[in-house]
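Shown next, in structure tokens, is the structure this report addresses.
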Amino acid sequence: MSKKATAIWKGSVKEGGGTISTETGVLRDAPYGFKSRFEDGKGTNPEELIAAAHAGCFSMALSMMLGEAGSPPERIQTEAAVTIEKKGDALVITASHLTVSARVPGMEKEKFLEIAKKAKEGCPVSKVLNAEITMDATLES
């Protein structure tokens with residue numbers, strides 16, 4: 001299986017801009033640029049897209065693992081916060097912190113946290129990120 005996305009960039013890094021499109025068409029010519037990445041400009045940015053991918057991947061992995069444990073979730077909400085820092089002369093993604101809240105009828109907190117940890121470690125996006133991945137997990141009642 002292979003999934004594709006395309007980025008087009010025009011101009012210098014600060015004054016230029018680009019668009020990102022995905023194979024499925026969910027993103028089509030979505031704007032991105034220096035201002036949306038490092039300031040408060042309109043558009044998206046690579047770190048935001050990585051955060052979205054991580055949150056989505058983790059939520060699906062957690063749903064699968066909860067179902068395999070006999071407790072399919074009613075709802076999972078995950079936020080991923082990706083941190084980018086300057087290390088020497090380079091910018092480096094150093095961390096992704098997951099904040100998850102889930103409604104899982106009949107699930108005990110300890111079992112939920114155990115499964116959430118396994119989902120954090122097993123999600124394919126977690127595996128591809130060479131960064132510290134942390135998490136806060138809450139089982140809703």
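Here the structure is a predicted model, which means the values were calculated and not measured. Computation of the quantities below employed the complete heavy-atom set of this structure, encompassing side-chain atoms and omitting hydrogens, waters and symmetry-equivalent molecules.
Checked by atom type and distance alone, the side chain of S126 never pairs as donor or acceptor with a backbone atom of E121 at under 3.5 Å. Between the side chain of D29 and the backbone N or O of T19, no donor-acceptor pair lies under 3.5 Å. Looking at T44, its side chain never comes within 3.5 Å of a backbone N or O of Y32 through a donor-acceptor pair. A donor-acceptor contact shorter than 3.5 Å links the side chain of S59 to the backbone of A55.
Between the CZ atom in F34 and the CG atom in N45 there is a gap of 11.5 Å [rounded to 0.5 Å].
E23 and K3 are not joined by a salt bridge, as no carboxylate oxygen comes within less than 4.0 angstrom of a charged side-chain nitrogen. For the pair K111 and E114, the salt-bridge criterion is met [side-chain N within less than 4.0 Å of a carboxylate O].
Under the 4.5 Å side-chain heavy-atom criterion for Ile, Leu, Val, Met, Phe, Trp and Tyr, M64 and M135 are members of the same hydrophobic cluster. Neither I50 nor I20 shares a network with the other; the hydrophobic side chains, linked directly or stepwise wherever heavy atoms of I, L, V, M, F, W or Y lie under 4.5 Å apart, form separate groups for each.
Here I8 is tied to no hydrophobic group at all, with no ILVMFWY side chain closer than 4.5 Å.
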Would you tabulate the side-chain donor-acceptor contacts of residues 83-104 under 3.5 Å, counting partners in other chains and residues two or more places apart, or write 'none'?
unit_1: E85; atom_1: OE2; unit_2: T94; atom_2: OG1; d: 2.6
unit_1: S96; atom_1: OG; unit_2: H54; atom_2: ND1; d: 2.7
unit_1: H97; atom_1: ND1; unit_2: T134; atom_2: OG1; d: 2.4
unit_1: H97; atom_1: NE2; unit_2: D136; atom_2: OD2; d: 3.0
unit_1: S101; atom_1: OG; unit_2: E140; atom_2: OE2; d: 2.4
unit_1: R103; atom_1: NH2; unit_2: E140; atom_2: OE1; d: 3.1

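Shown here is M60, whose CE atom has no more than 12 heavy atoms of other residues, nucleotides or ligands within 6.0 Å.
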Run the side chain to side chain contact (heavy atoms under 4.5 Å, CB included) test on L129 and V82 for me, step by step, so that the C-alpha distance in whole Å, both residues' side-chain angles and the decisive distance to 0.1 Å come before the verdict. CA-CA 10 Å; L129 293 174; V82 169; 5.7 Å; no
